[in-house]
Amino acid sequence: MEKHSCLILVPLFNHMDEHDLEKIYSLTKQRTYKKGEQIFKPYDQQQLTIVAKGRMKVYQLSGSGREQLLRVVETGEYEGESALFGVKNDSLFAEALQETVVCTLAHHDFQKLLLTYPQISLRLLETNAEKLSSAQHQAQFLVMEAIETRLAVYLLELAKENDRLTFELPMKMKELAGFLGTTPETLSRKFKLLSDKALIRRERQKITLLDPEELEDCYV
DNA sequence: TCATTAAATTTGT
DNA sequence: ACAAATTTAATGA
């Protein structure tokens, strides 16, 4: 593992020089989690959590105890920046999807950093704006009544992110179902529907969009 | 690597 | 939505 891998990976810090990174690094704690281990839970100490290697899922629990997946945090991404401004985490859980290395930065240390390095503040505003818009998008998802539409939108998004028509689902069907606000059973049937219409091809978790344009029309 | 078992997914009701 | 059937992944020899 690279000495400063967790910092280099993060847009928030990767523009800084060696000396500054060293300083920031001394404020972080690093830990490795095995698959399925819990990385944080509600009411943990407020901190920024950076994924240096592996992936983690961030979710909350609905009233009935069902797991609602919010996002999958990939290597180089992070979670919890709002906690750094003092927003309490009272509902979020995070769990490693595979062997995962995370670096954490405590709330109060981060505030000190912001004072020393104002550039970081600007970066933070940028990335935060991105998250906000994706959160709004997600909210839009849940308003759409047709699951098929949500799925279509989601698949198109993935294709866009990957710049390919063939890609792997980043999460299990069960989790995707929760993410889209449906059940695994329904999701399975919707996938079959899209396959039957020859809009997509699917083998395990590998998805190929055969007809992205037609898929767009589900948008309506 | 293969067999066994557990977990996840699909299909029928 | 539930349960049975099928498929895929995990585990241990």
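Heavy atoms only: backbone and side chains are in, while hydrogens, waters and symmetry mates are out. Naming convention: chains lettered A, B, ... in sequence-line order (proteins, then strands); numbering from 1 in each chain.
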Round to the nearest Å and state the distance from Leu176(A) atom CG to dA8(B) atom P.
-> 15 Å
From the list dA8(B), dT11(B), dT8(C), which nucleotide is the closest neighbour of the side chain of Lys172(A)?
-> dA8(B)
Contact class for Lys35(A) vs. all strands (heavy atom < 4.0 Å): base, sugar-phosphate, or nothing?
-> sugar-phosphate
Calculate the interatomic distance between Leu193(A) atom CG and dT11(B) atom P; express it in whole Å.
-> 12 Å
Using atom CZ of Phe191(A) as one end and atom P of dT7(C) as the other, report the distance to the nearest whole Å.
-> 19 Å
Look at the side chain of Arg204(A) and decide which nucleotide, out of dT8(C), dT10(B), dT9(B), has an atom nearest to it.
-> dT8(C)
Rounded to the nearest Å, what distance is computed from the CZ atom of residue Arg202(A) to the P atom of nucleotide dT8(C)?
-> 10 Å
Taking all non-hydrogen atoms of both residues, which atom of Ala106(A) and which atom of Gln45(A) are closest, and how far apart?
-> CB-NE2, 4.1 Å
Hey, mind stepping through Arg71(A) and Glu79(A) against side-chain contact (heavy atoms from CB on, under 4.5 Å) and telling me if it holds?
-> CA-CA 10 Å; Arg71(A) 57 189 154 273; Glu79(A) 178 63 40; 2.6 Å; yes
Round to a whole Å and report the spacing from NZ of Lys192(A) to P of dT9(B).
-> 17 Å
Closest of dA9(C), dT11(B), dA1(C) to the Thr183(A) side chain is dA1(C)
Can the positive tip of Arg31(A) be found less than 6.0 Å from the middle of the six-membered ring of Tyr33(A), inside 45° of the ring normal?
-> yes
Nucleotide nearest Arg189(A) (side chain, heavy atoms from C-beta), chosen from dT11(B), dA8(B), dT8(C) | dT11(B)
Nearest-Å distance, CG (Leu180(A)) to P (dT9(B))?
-> 13 Å
When the distance from CD1 of Ile207(A) to P of dT9(B) is rounded to whole Å, what number comes out?
-> 12 Å
Nearest non-hydrogen partners of Val72(A) and Glu77(A), listed with the distance = O-OE1, 3.8 Å
Whole-Å distance, Glu203(A) CD to dT7(C) C1', equals 15 Å
